[in-house]
Amino acid sequence: MIIEHKKGVSNTSQIPNRNFPYFAPAFDSGMKKTKVLLIGAGGQLGSELTQGLWKIYGQENIIASDIKDAQGILKEGPYEKFDVMQRDKLFELIKKNEITQIYHLAALLSATGEKDPRWAWKLNMESLLFVLEAAQELKLHKVYWPSSIAAFGPTTPKQNTPQDTIMDPSTVYGITKLAGELWCEYYFRRYGVDVRSLRYPGLIGYKTPPGGGTTDYAVDIYFKALKEKKYECFLAADTYLPMMYMDDAVKATIDLMEAPAEKVKVRTSYNIGAMSFCPAQVAATIKKHIPDFSITYKPDFRQAIADSWPKSIDDSAARADWGWKNKFGLEEMTEDILKNLESEPQFLIS
Ligand code: NAD
């Protein structure tokens, strides 16, 4: 049987195994001016990533989009209110704005996904496939799609979780992330779509409320510490999880997307890490700044999710392949968040 391949994959015998060598992406990224569509821009990561991209490509070249109306700083740049489940509208937006790159962040997260697993599967999977199809058909230069430590599961090695290891996610969110990683690799191998991905740990920022994840406590705790000087945590005191400050998450994402394609050797998703801590450690760090802060613990259904995830991450592949290096640890992050929340109290009100 003769199989016709797109430019970038010459024949089936060359379709590489998981340690495949790089081959040239099908679409020449030098031909068009960079125009980015960011889907899910209204979320915790999206609003900060939009601002990071403004600095690199210019505000006018970043189309932020979300199913919600534009809020806060996003009102200052180009914005499209749009539901990513509308495939035709996605294609139309790409053509109308001459988009060359997509960052697809819209998803139902781990805790919210467990409340409606069928919808989590549909939203997270179909939207990714729409984006990958658009990238292939409309010849986009690059696609970014985030995975998560939720793609790992209870039998994954918990300490220093390797890049390649057992992946048996126990949440529907994690299942969509693992399947999504494989779809990304498939589109890269089969069609030469330059799609890149990171397995984020828990992301901690203070500018936008978190979106229903299991690591949200590490955001809420700072708000409650400043407002009420106490916090009731939904995870147990000694629950270690890998975490990352939002500034580092934005940097990692942009570093990966700016790396020369031949350096991006992992086409499922890269392990990425910065720090690992438990609620008791965050509380102790906050107490250095707010001595009368106190914490209590009342674990809920999210404890079981947290217990199924890695405690720390081996991100040596990201460090070796494209030079990943984090800036923030727990002490630096705590100091930065408390300082910023005190000087910019508008974030405390939201
Ligand atoms: P979030 O929930 O804060 O933001 C998601 C955004 O997507 C929301 O603004 C929402 O309105 C939008 N959205 C939902 N449905 C949509 C639709 N049909 N069409 C258009 N927009 C829609 O999530 P986040 O924390 O910013 O996470 C962004 C991405 O990063 C997600 O893919 C998530 O899985 C991944 N991630 C996040 C974390 C974390 O700790 N926040 C960790 C690992 C991975």
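Nothing here was measured: the structure is a model prediction, and the numbers come from that model. All values below were derived from every heavy atom in this structure, side-chain atoms included, with hydrogens, water molecules and symmetry-related copies excluded. Counting starts at 1 for both ligands and their atoms, in listed order.
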Task: Identity and separation of the nearest protein heavy atom to atom 19 (N) of ligand 1 - done: V84 N, 3.0 Å
Task: Shortest protein contact, atom 26 (O) of ligand 1 (heavy atom only) - done: L45 N, 2.8 Å
Task: Proximity of R199 to ligand 1 by residue part, where a heavy atom lies under 4.0 Å - done: neither
Open item on the list: Give me the residue, atom name and distance of the protein heavy atom closest to atom 43 (C) of ligand 1.
Closed with: Y200 CB, 3.4 Å
Open item on the list: List ligand 1 atoms under 4.0 Å from S148, heavy atoms only on the residue side.
Closed with: 43 (C), 44 (C)
Task: Residues K339, D336: salt bridge by 4.0 Å N-O rule - done: yes
Task: Shortest protein heavy-atom distance from atom 18 (N) of ligand 1, along with the residue and atom involved - done: D83 OD1, 2.8 Å
- [ ] Please report which non-hydrogen protein atom sits nearest to atom 30 (O) of ligand 1, along with the residue it belongs to and the distance in Å to one decimal place.
- [x] P146 CG, 3.6 Å
Task: Best match, G43, A106, G212: closest heavy atom to atom 4 (O) of ligand 1 - done: G43
Open item on the list: Are the side chains of S65 and I39 in contact, using a 4.5 Å heavy-atom criterion?
Closed with: yes
Task: Distance-only N or O hit between ligand 1 and L105, under 3.5 Å - done: yes
Task: Atoms of ligand 1, numbered as shown, that sit under 4.0 Å from any heavy atom of G202 - done: 40 (O)
Open item on the list: Would you say T334 and T285 are linked by a side-chain donor-acceptor pair, where the criterion is simply a distance under 3.5 Å?
Closed with: no
TODO: Tell me, please: is G213 in heavy-atom contact with ligand 1, that is, under 4.0 Å?
DONE: no
- [ ] Kindly indicate whether the side chain of W324, heavy atoms from C-beta on, has any atom under 4.5 Å from the side chain of N271.
- [x] no
TODO: Could you tell me whether D220 and K224 make a salt bridge, using a distance below 4.0 angstrom between a side-chain N and a carboxylate O?
DONE: no
Task: Sub-4.0 Å atoms of ligand 1 with respect to non-hydrogen atoms of Y173 - done: 33 (C), 34 (O), 35 (C), 36 (N), 43 (C), 44 (C)
Task: Test applied, side chain to side chain donor-acceptor pair (under 3.5 Å); reference residue, D194; option that passes from R267, K142, Q101 - done: R267
Open item on the list: Within the 4.0 Å heavy-atom shell around S147, which atoms of ligand 1 are there?
Closed with: 43 (C), 44 (C)
Open item on the list: Return the closest protein heavy atom for atom 42 (C) of ligand 1 as residue, atom name and distance.
Closed with: P201 O, 3.3 Å
- [ ] I would like to know whether T171 and S110 meet side-chain hydrogen bond (donor to acceptor under 3.5 Å, both in side chains); could you show each step before the answer?
- [x] CA-CA 7 Å; T171 59; S110 58; over 6 Å; no
Open item on the list: Would you say T208 and S47 are linked by a side-chain donor-acceptor pair, where the criterion is simply a distance under 3.5 Å?
Closed with: yes
Task: Protein heavy-atom partner closest to atom 2 (O) of ligand 1 - residue, atom, separation in Å - done: G211 CA, 3.5 Å
Open item on the list: Side chain or backbone, does Q44 bring an N or O within less than 3.5 Å of an N or O on ligand 1?
Closed with: yes
- [ ] Starting from the C-alpha separation in whole Å, work towards a yes-or-no answer on side-chain hydrogen bond (donor to acceptor under 3.5 Å, both in side chains) for E181 and S197.
- [x] CA-CA 8 Å; E181 287 188 11; S197 176; 5.7 Å; no
Open item on the list: Suppose we measure from atom 40 (O) of ligand 1 to each protein heavy atom; which comes out shortest, and what is that distance?
Closed with: L203 N, 2.9 Å
TODO: Check whether any side-chain N or O of E48 sits under 3.5 Å from a backbone N or O of G205 as a donor-acceptor pair, and report yes or no.
DONE: no
TODO: Using a strict 4.0 Å cut-off to heavy atoms of F82, name the atoms of ligand 1 that fall inside it.
DONE: 19 (N), 20 (C)
TODO: Could you check which of D66, L108, V219, D69 puts a non-hydrogen atom nearest to atom 11 (O) of ligand 1?
DONE: D66
Task: Face-on cation placement of K177 at W145 ring, 6.0 Å and 45° thresholds - done: yes
Task: Close side-chain approach of D164 and V266, heavy atoms under 4.5 Å - done: no
- [ ] Could you list the atoms of ligand 1 found under 4.0 angstrom from a heavy atom of L123?
- [x] 15 (N), 18 (N)
Task: Of the listed options L109, L49, I67, T253, closest to atom 33 (C) of ligand 1 (non-hydrogen atoms) - done: L109
TODO: For the pair E114 and R302, find out whether any cationic side-chain nitrogen is under 4.0 Å from an anionic carboxylate oxygen.
DONE: no
